[in-house]
Visitor: 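Quick one: structure below, then a few questions.
Predicted model, so just to flag it, every value in this text is computed and none were measured. Residue numbers run from 1 in the order of the sequence given.
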Amino acid sequence: MEDVKRPLDGVKVVEMATFIAVPAVGRILADMGAEVIKIESAKGDNLRFTAPNEGRPSDPHEDTNFDLENANKKGIVLDLRQPKGKEVLFKLLDDADVFLTNWRPGALARQNLTYDELKVKYPKLIYASLTGYGDKGPDKDLPGFDYTAFFARSGWSGSLYQKGTVPSNLIPALGDHQAALALTAGVLGALYRAAKTGKGENVSTNLLHTAIWVQSFQIQGAQYGTEFHGVSYPFDRRENPLPYQPAVKTKDDRFLQVMGPNFSIYWPLIMKAIGREDVLDDPVMNDQKKIQEAGRLGEAYDLVQEGFQQKTMEEWIPILTELDIPFAACKTYEEVSKDEQAWANDVFYEMDYPRGPKALVRTPIDMSDTPLPNYDKAPLLGEDTEEVLKGLGYTDAEIKELEEAGIAKQGERK
């Protein structure tokens, strides 16, 4: 494993970010071989304290979600409000290739850490930022999380729920991880350009833009209203233009998701599966546009739902497989962590913890000729401060002086 040449071997990344989205970028770059140095305040990244929200133990030695976002990094504690703390940051940036941050534009400006200011001293630096609402516009300095900037502001929470009910339950990190992949792609493109030209780049994205991008089909379609038999969100499941698209409930009270965008191909197969091929003789019920025009979408929906309630989940699996109908059981998180297919594709890594082994998720990028990297736990708060400072040329006496002044802090080691 030590002799493997990874794509980003020799690349140095300085991460000045908290929570999920930007640290996830650092994690992906670390898995690709980059040296990632994470800077935290003495209070620590706020993600270290969210365990009660997610039903996990509040234990720094068993912090699975912090490990998820920060594995394979070095961690230091630094007070960037003090001149000598900022001096350490600048020394880190002297030979860095990438600077990652999720600080809001106003905060970066107050600390003189904007791209325009840093590029003067570090012209080759890739400056990568991710915020809630972007670097421009009236709301650029608003605080943003995926629940607000990604789900709510983008239309997700206000559109994608069963009409007459309430917005669906959401989970943290869904929006953050999608934005992280977008920023990672930008960073890799900028690194390629820098390698060829020697010029740095300002790479940015935000939660709002990412959320609008992933919903772009419907946001663009909504501009036509219902002129072309579309629906106005939120809508009732029984009004879905593709009547077999909503999840179906099976005889044993499980949910099954069937899918097939082309109605003319999959409607006959689904009717065959549920034993209702007689429906295909109806010239209206055999044509998606005619079903919509005749106002019979609810009837088609009920037909599908009633058909799937006749058998259990296990009974449906061979039937749908034989007909080559795309489907999947709607699994719970407990089931997903044991999914044989996921384990076969190295989605999970079994990590030992004080309370027993847990399945930790790997970043979703595999390279055929590069073995998977080690999954080293995230650093404890300030765990690598002394090592990093010594690497920058600080003596033991200077490090002690920084610690006594509260500028740097050496934390517990594993």
Side-chain angles (χ1 to χ4, degrees), residues 1-18 20-39 68-76 89-103 105 108 113-131 134-135 176-207 209-210 213 362-376 378 384 388 391-392:
M1 184 68 73
E2 290 77 11
D3 296 331
V4 172
K5 180 67 176 175
R6 299 197 174 279
L8 298 185
D9 280 351
V11 171
K12 180 178 176 180
V13 179
V14 176
E15 177 187 306
M16 188 181 75
T18 58
I20 300 169
V22 172
V25 177
R27 165 68 197 281
I28 295 171
L29 299 179
D31 278 6
M32 290 185 176
E35 177 191 19
V36 181
I37 299 172
K38 180 182 181 70
I39 300 172
L68 172 68
E69 312 300 350
N70 295 286
N72 302 337
K73 301 178 186 178
K74 294 178 180 178
I76 70 171
L89 171 63
F90 291 152
K91 286 188 177 183
L92 286 169
L93 293 176
D94 279 342
D95 62 348
D97 300 284
V98 181
F99 177 57
L100 299 175
T101 184
N102 69 342
W103 285 25
L108 290 167
L113 294 175
T114 65
Y115 171 68
D116 287 336
E117 290 168 300
L118 291 186
K119 74 176 182 179
V120 175
K121 187 175 182 181
Y122 311 107
K124 296 181 180 180
L125 184 68
I126 308 302
Y127 185 105
S129 66
L130 195 159
T131 59
D135 301 329
D176 293 303
H177 282 162
Q178 293 185 71
L181 289 172
L183 188 62
T184 299
V187 168
L188 295 177
L191 278 171
Y192 182 78
R193 177 178 183 267
K196 286 183 167 292
T197 67
K199 294 181 179 180
E201 181 71 272
N202 184 11
V203 183
S204 68
T205 190
N206 58 80
L207 292 171
H209 190 164
T210 305
W213 163 253
R362 286 188 176 276
T363 52
I365 300 171
D366 294 321
M367 297 184 178
S368 62
D369 296 329
T370 306
L372 290 169
N374 292 330
Y375 203 133
D376 296 328
D384 304 300
V388 171
L392 295 174

Visitor: With rounding to the nearest 0.5 Å, note down the distance linking CZ in F99 to CG in N202.
Guide: 11.0 Å
Visitor: Could you report the tightest heavy-atom contact between P23 and A17, atom names first, then the distance?
Guide: CD-CB, 4.0 Å
Visitor: Of the options L181, D135, T210, which is the one that meets T205 in a side chain to side chain contact (heavy atoms under 4.5 Å, CB included)?
Guide: T210
Visitor: Atom CG of L183 and atom CG of L130: how far apart are they, to the nearest 0.5 Å?
Guide: 5.5 Å
Visitor: Answer yes or no: are there more than 12 heavy-atom neighbours, outside K121 itself, under 6.0 Å from its atom NZ?
Guide: yes
Visitor: Roughly how far, to the nearest 0.5 Å, is CG of L29 from CG of L191?
Guide: 7.5 Å
Visitor: Is there a side-chain contact (heavy atoms from CB on, under 4.5 Å) between L89 and I39 once you walk through the steps?
Guide: CA-CA 9 Å; L89 171 63; I39 300 172; 3.7 Å; yes
Visitor: Could you tell me the separation between the OG1 atom of T131 and the CG atom of L207, rounded to the nearest 0.5 Å?
Guide: 7.5 Å
Visitor: Does any N or O in the side chain of R27 come within less than 3.5 Å of the main-chain N or O of K73, such that one atom is a donor and the other an acceptor?
Guide: no
Visitor: Set out, in order, the CA-CA distance, both residues' side-chain angles and the distance that settles side-chain contact (heavy atoms from CB on, under 4.5 Å) for I365 and M32, then state yes or no.
Guide: CA-CA 9 Å; I365 300 171; M32 290 185 176; 3.8 Å; yes
Visitor: Would you say that L8 contacts L188 through its side chain, given a criterion of any heavy-atom pair below 4.5 Å between the two side chains?
Guide: yes
Visitor: Check for a donor-acceptor pair, side chain of R6 on one end and backbone N or O of A34 on the other, with a separation under 3.5 Å.
Guide: no
Visitor: State the CG-OG distance between N206 and S129, to the nearest 0.5 angstrom.
Guide: 9.0 Å
Visitor: What distance do L372 atom CG and T363 atom OG1 have between them, rounded to the nearest 0.5 Å?
Guide: 8.5 Å
Visitor: Between P7 and T370, which heavy-atom pair has the shortest distance, and what is it?
Guide: CD-CG2, 4.4 Å
Visitor: Please say whether more than 12 non-hydrogen atoms of neighbouring residues, nucleotides or ligands are located less than 6.0 Å from NE2 in H209.
Guide: no
Visitor: Checking the side chain of Y127 only, and the main-chain atoms of T101 only, is there a donor and an acceptor separated by less than 3.5 Å?
Guide: no
Visitor: A side-chain contact here means heavy atoms from C-beta on lying under 4.5 Å apart; do D97 and I126 qualify?
Guide: no
Visitor: Is the shortest heavy-atom distance from the side chain of V388 to the side chain of L92 under 4.5 Å?
Guide: yes
Visitor: Under the side-chain contact (heavy atoms from CB on, under 4.5 Å) criterion, do D176 and E69 qualify, and how do the steps go?
Guide: CA-CA 11 Å; D176 293 303; E69 312 300 350; over 6 Å; no
Visitor: For G75, does its backbone N or O pair with a side-chain atom of D384 as donor and acceptor, under 3.5 Å?
Guide: yes
Visitor: Determine whether a donor-acceptor pair (N or O, by modelled atom type, separation under 3.5 Å) exists between the side chain of N72 and the backbone of N374.
Guide: yes
Visitor: Is there a side-chain contact (heavy atoms from CB on, under 4.5 Å) between D94 and Y122 once you walk through the steps?
Guide: CA-CA 7 Å; D94 279 342; Y122 311 107; 3.4 Å; yes
Visitor: For the backbone of E201 and the side chain of K119, can you confirm whether one donor and one acceptor N or O come within less than 3.5 Å of each other?
Guide: no
Visitor: Minimum heavy-atom separation for A71 to A30, with atom names?
Guide: O-CB, 4.2 Å
Visitor: Is any side-chain N of the basic residue among K38 and E15 closer than 4.0 Å to the acidic one's carboxylate O?
Guide: yes
Visitor: If you count the non-hydrogen atoms of other residues, nucleotides and ligands that lie under 6.0 Å from NZ in K12, is the total more than 12?
Guide: yes
